[in-house]
Amino acid sequence: MSLSIYPVLCNAGFMDNYAYLLVDDTTGISAVVDAAEEQAIIDFCEKKNIVPQFILTTHHHEDHTNANLALKKRYGLKIAGSAIEKNLIDGLDIPLEDGDIFKLGETQARIILAAGHTNGHILWYFEKEKALFTGDVLFNLCIGGLFEGTPEQMWQSLQKIKALPDDVRFYPGHEYTSLTPAALQNPAFVPYLQFLENCRRNNLPPVGNMLGLEKQCNPYLKIADKDDFINKMR
């Protein structure tokens, strides 16, 4: 992989956001995905001796953009995000449409519109690096709520995610892992539980799971019928 990915837990014990520090290994050009908390991100950047050049925003909610202006002032970086939300994202410099390609050094992300949680929510998909940043659309074993969009929109967004290869690793915007008692007793969940246990044992955040395993275990991704999904969301 030519893209280093560092999760940064923000708003710990409150919103439990994940920001991510990305570094293109060839050029050293770096970015923050979802600038949720100023000090946590600055501390991590200083620890790694990294100066980010970009913020990559998934959607406009404050818990994902709170640090935009402070980091922009500190580092002189550029902020990229959804063109649909251009008037809602603080400090937006680079508005992006569905299907656009964003270059981070020699790596690049394809923008995927994933409406539902918000109308302009986007996914950042680094295809060659097999990394997907899902913001508040997809979490471990659950999905985001409908703040602006419709169940139909969320269904379509999840179908876009399900169409991606199983070996893509996904990185959610919150620590909202949802384990039910039934899941703990289901043999199909054993690989998922092993992933979570491995993260716990190594003191790592439970992010970067394989989409194939998520498709197998996430109850919302397992729904095959659109009407069933819509009924569940209402």
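What you are looking at is a predicted structure, and each value in this text was computed from that prediction instead of being measured. Starting from 1, each residue takes its place in the sequence as its number.
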(request) Carefully, step by step, assess Glu129 and Ser2 under the rule side chain to side chain donor-acceptor pair (under 3.5 Å). (result) CA-CA 7 Å; Glu129 290 70 34; Ser2 58; 3.2 Å; yes
(request) Would you indicate whether Glu46, at its atom CD, is surrounded by more than 12 heavy atoms from other residues, nucleotides or ligands within a distance under 6.0 Å? (result) yes
(message) Quiz question: by atom type and distance under 3.5 Å, do the side chains of Gln194 and Asn198 form a donor-acceptor pair?
(response) no
(message) For the CG atom of Asn231 and the CE atom of Met233, what is their distance to the nearest 0.5 Å?
(response) 11.5 Å
(message) Hydrophobic cluster membership, with links at side-chain heavy-atom distances under 4.5 Å among I/L/V/M/F/W/Y: are Leu77 and Ile42 in one?
(response) yes
(message) Please determine whether a side-chain nitrogen of the Lys or Arg among Lys72 and Asp90 lies less than 4.0 Å from a carboxylate oxygen of the Asp or Glu.
(response) no
(message) Same cluster or not: Leu184 versus Leu213, using hydrophobic residues (I, L, V, M, F, W, Y) connected whenever any side-chain heavy atoms lie under 4.5 Å apart?
(response) yes
(message) Please verify the inter-ring angle class for Tyr20 with Tyr171; under 30° counts as parallel, over 60° as perpendicular, anything in between as tilted.
(response) perpendicular
(message) Could you see if Met15 belongs to whatever hydrophobic cluster contains Tyr18? Use Ile, Leu, Val, Met, Phe, Trp, Tyr and a side-chain cutoff under 4.5 Å.
(response) no
(request) Quick one: closest heavy-atom pair of Ile5 and Ala131, and the distance? (result) CD1-CB, 3.8 Å
(request) Compute the ring centroids of Phe133 and Tyr125, then answer whether they are less than 6.0 Å apart. (result) no
(message) Please confirm whether the ring centroid of Phe139 lies under 6.0 Å from the ring centroid of His174.
(response) yes
(request) Might you confirm whether atom NZ of Lys160 has over 12 heavy atoms from other residues, nucleotides or ligands at distances under 6.0 Å? (result) yes
(message) I need the minimum non-hydrogen distance between Asn140 and Pro172, along with the two atoms involved.
(response) OD1-CG, 4.5 Å
(request) Classify the side-chain pair Ser4/Asp25 by whether it contains a donor and acceptor separated by less than 3.5 Å. (result) yes
(message) To check you understand the geometry: which heavy-atom pair defines the closest contact between Pro206 and Cys199, and what is its length?
(response) CA-SG, 3.7 Å
(request) Please report the shortest heavy-atom distance between Ala40 and Val8, naming the atom on each side. (result) O-CG1, 3.8 Å
(message) So if I apply the side chain to side chain contact (heavy atoms under 4.5 Å, CB included) rule between Thr58 and each of His117, His64, Glu85, which one comes out positive?
(response) His64
(request) Applying ring-ring contact (aromatic ring centres under 6.0 Å, His included), name anything that partners Phe229, two or more places apart in sequence or on another chain. (result) Trp155
(request) Check the side chains of Tyr192 and Gln216 for a donor-acceptor pair under 3.5 angstrom, ignoring hydrogens and angles. (result) no
(request) Search all heavy atoms of Ile50 against all heavy atoms of Ser30 and return the closest pair with its distance. (result) CG2-OG, 3.4 Å
(request) Mind running side chain to side chain donor-acceptor pair (under 3.5 Å) on Thr177 and Glu175 for me, showing each step along the way? (result) CA-CA 6 Å; Thr177 302; Glu175 178 40 54; 2.7 Å; yes
(message) Between Asn68 and Thr65, is there a side-chain donor-acceptor contact under 3.5 Å, judged purely by atom types and distance?
(response) no
(request) Search all heavy atoms of Pro219 against all heavy atoms of Ile223 and return the closest pair with its distance. (result) O-CG1, 3.3 Å
(message) According to a hydrophobic-cluster definition based on side-chain heavy atoms being under 4.5 Å apart (Ile, Leu, Val, Met, Phe, Trp, Tyr only), do Tyr6 and Val207 belong together?
(response) no
(request) Tell me yes or no: between the side chains of Gln53 and Tyr75, is some donor less than 3.5 Å from an acceptor? (result) no
(request) Give the cluster check for Ile79 versus Ile122: same hydrophobic cluster or not, with ILVMFWY residues linked at side-chain heavy-atom distances below 4.5 Å. (result) no
(message) Using a strict threshold of under 4.0 Å (side-chain N to carboxylate O), is an ion pair present between Arg234 and Glu152?
(response) yes
